S.K.: 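Have a look at the structure that comes next, please.
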Number of protein chains: 2
Amino acid sequence: MDEPAEQDARIDWPGGAIFRPVRTGNAFEEAIERILQAIKLGIFAHGDRLPAERDLAVRLNISRDTLREALRSLQQAGCVESRRGRYGGTFVTYRLPAPNLSDLRRAAEDLGAELEDALTYRLVLETGASERAAKRDLTDDQRAYLERRLADLEAAPADAYRQCDSRFHLAIAELTGSNSLAGSIAETRMRLNDLLNAIPMIGRNIEHASHQHQAIVRAILTQDAEAARRVTEEHLEATAALLRGFLG
Amino acid sequence: MDEPAEQDARIDWPGGAIFRPVRTGNAFEEAIERILQAIKLGIFAHGDRLPAERDLAVRLNISRDTLREALRSLQQAGCVESRRGRYGGTFVTYRLPAPNLSDLRRAAEDLGAELEDALTYRLVLETGASERAAKRDLTDDQRAYLERRLADLEAAPADAYRQCDSRFHLAIAELTGSNSLAGSIAETRMRLNDLLNAIPMIGRNIEHASHQHQAIVRAILTQDAEAARRVTEEHLEATAALLRGFLG
DNA sequence: CGCCAATGGACTGATTCTGGTCCATTGGAC
DNA sequence: GTCCAATGGACCAGAATCAGTCCATTGGCG
């Protein structure tokens, strides 16, 4: 009514970015995905105990019944196992499968056009997070936490490398103090995680990445925001290039 | 079991960023919020027609029944009105209320600790978006789209300024080509929108912002990514400072 | 004028999710 | 040895949501 001609100039149609899904299709499938990704991201290692059902249900904002349904599926898939009684709980039994190129291609197809979307999004989020983290005055605990994550990553055996890598980068996200930012970074890592897990790890790449990780930590701890941003960008672009290389 | 001592060093507790709510409490309330914010953001002006119920329901991934419940609420609140028949639809009748300082404080209290979270998140997202947009090779249509948004903003009457401002910044987000990024920016704008709407508009600020908007567009169109990032950061920090000033 | 397509309006049965309650099991504390 | 608190296990009534169907209204087109 006001400016009908404008409609033509719009990228897709009114509200393109606003009118996206209010919720994902299914609460219990989403819960499965979250838990599984938390495990794949290395937040819970083999043998770790997940939070109690009652707590986890509150965190995920779903009913305990729905959560239990999800846990039952994970149990049947052999990813977790439950023990009753005090000091019982649900324990992680999942182990990372070996990287596999056909898995990579399949995972890439699942993502489809979302791949570039996710890579761009990740770049923006993580470079921004590094910069923000470098600009904050960190407490000694926070500094120690970051260095611990880096040390864990440096010492990680090959089969735990990617998980430690995720925990390292999530630690940086947490240091920004923005829950929204940390949440989005975690979510985007999840989206890309299957792909990253499927990339064979080459010594030369790991060594290169290791230098970059150290440089990022150094930049954050010395509050050199510009360097933190730049090195993070290089680091992520290297991974993205590797990924595109294996796919193209 | 693996490293119990580590738990102490964690920022909050395992999975802090991962185990966030799977879904917001309520589909129809969420739908109301989305539509209302789309209107407040200026995506639909007074008199505009919203997408047809059947389309909108698909976009929001909710059933048409739930959407209709939301629209009924908006109708009762006097924000929209519906007309049947071909060339009918649901039309926006909402008008922006005048800015009001007590509204500002109330809105700020609603956000609470989320305020700094949202400001940080917005800064990361939007500076990143400007940089990415500047690094892309834009089509003529896209360049024209961006310039159109800027021109609209420059010409905007006071009561439509904030809406045009949102549309301008959302346009930049769309130019990144990352739907996730554009979606997050829209969402964060929504979270802050009530606050921004409540800030009285001062001529000097508008003039300053206008220069920055022009500089951002110039930087994007000349593919000067570094400048795009820097000016966007200055621009957002100015708004944030203004906001903190009114609140502190 | 009559048809038709696009739209909002309304109903219904099935499905999912919730919130609550109670039970079963376990290992430590006393 | 007994008790107890924390945990998983199970069930249910009701609410929310969905998918599908059909109706009512409207304005343009032939």
Side-chain angles (χ1 to χ4, degrees), chain A residues 1 4 7 13-15 19 21-35 44 47-93, chain B residues 1 4 7 13-15 19 21-35 44 47-93:
Chain A
M1 174 182 275
Q7 307 283 338
W13 66 277
F19 291 148
V22 155
R23 49 176 48 183
T24 57
N26 185 284
F28 110 91
E29 282 178 5
E30 186 70 12
I32 291 180
E33 199 60 22
R34 286 280 175 86
I35 298 166
F44 298 95
D48 279 359
R49 206 196 74 171
L50 297 180
E53 290 179 353
R54 291 168 176 81
D55 292 341
L56 196 46
V58 170
R59 295 281 299 226
L60 294 174
N61 198 29
I62 58 180
S63 72
R64 199 182 147 211
D65 240 22
T66 305
L67 172 62
R68 279 181 57 68
E69 196 178 351
L71 288 175
R72 205 175 310 134
S73 295
L74 287 172
Q75 201 165 18
Q76 284 165 358
C79 300
V80 301
E81 69 184 17
S82 295
R83 290 201 291 277
R84 286 215 262 194
R86 188 165 187 175
Y87 306 105
T90 306
F91 298 84
V92 175
T93 57
Chain B
M1 176 180 278
Q7 307 286 337
W13 67 276
F19 291 147
V22 155
R23 49 176 47 185
T24 56
N26 187 285
F28 108 91
E29 282 178 4
E30 186 70 12
I32 290 179
E33 199 60 21
R34 285 281 177 84
I35 298 166
F44 297 96
D48 279 358
R49 205 195 75 172
L50 296 180
E53 289 179 355
R54 289 169 176 82
D55 293 340
L56 196 45
V58 170
R59 296 281 299 228
L60 294 173
N61 197 31
I62 57 181
S63 71
R64 197 180 149 215
D65 244 19
T66 306
L67 172 63
R68 280 180 56 69
E69 196 178 350
L71 288 176
R72 204 174 312 134
S73 296
L74 286 172
Q75 200 165 19
Q76 284 165 0
C79 300
V80 302
E81 68 184 18
S82 295
R83 291 201 290 277
R84 287 215 263 195
R86 189 164 189 176
Y87 307 103
T90 305
F91 297 83
V92 175
T93 56

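Worth knowing before you read on, the calculation uses all heavy atoms, side chains too, and leaves out hydrogens, waters and symmetry mates. The chains referred to below are lettered A, B, ... by the order of the sequence lines, with proteins before strands, and numbering in each begins at 1. Here the structure is a predicted model, which means the values were calculated and not measured.
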S.K.: Using whole Å, report how far CZ of B:Arg23 lies from C1' of C:dT18.
M.R.: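 So the two atoms are 11 Å apart, to the nearest Å.
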
S.K.: Contact class for A:Leu71 (heavy atom, under 4.0 Å): base, sugar-phosphate, or nothing?
M.R.: nothing

S.K.: Could you give the distance from CG (B:Leu56) to CZ (B:Arg59), rounded to the nearest 0.5 Å?
M.R.: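 If we round to the nearest 0.5 Å, B:Leu56:CG and B:Arg59:CZ are 8.5 Å apart.
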
S.K.: Rounded to the nearest 0.5 Å, how far apart are CG of A:Leu71 and CG of A:Leu50?
M.R.: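 Result: 7.0 Å between the selected atoms.
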
S.K.: Quick one: B:Arg68 CZ to C:dA10 P, roughly how many Å, whole number?
M.R.: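 Whole-Å distance recorded here is 6 Å.
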
S.K.: Starting at CD of B:Glu81 and ending at P of C:dT7, how long is that distance when rounded to a whole Å?
M.R.: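 Value for this atom pair: 17 Å.
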
S.K.: If you assign each of B:Glu69 and B:Arg64 to its closest nucleotide in DNA chain D, which residue comes earlier from the 5' end?
M.R.: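 The residue whose closest nucleotide sits nearer the 5' end is B:Glu69.
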
S.K.: In whole Å, I'd like the distance from the CD atom of A:Gln75 to the C1' atom of D:dA10.
M.R.: 14 Å

S.K.: Taking the minimum atom-to-atom distance to the side chain of A:Glu53, which one of D:dG8, C:dG8, D:dT17 wins?
M.R.: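 It is D:dG8.
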
S.K.: Nearest 0.5 Å, what's the CG-CD distance between B:Leu74 and B:Gln76?
M.R.: 9.5 Å

S.K.: Mapping A:Arg54 and A:Arg84 onto DNA chain C by nearest heavy atom, which one lands closer to the 5' end?
M.R.: A:Arg54

S.K.: Find the distance B:Asp65:CG to C:dG8:C1' and express it as a whole number of Å.
M.R.: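 Between C1' of C:dG8 and CG of B:Asp65: 13 Å.
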
S.K.: Rounded to whole angstrom units, what separation is found between the CD atom of B:Glu30 and the P atom of D:dC18?
M.R.: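 Value for this atom pair: 12 Å.
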
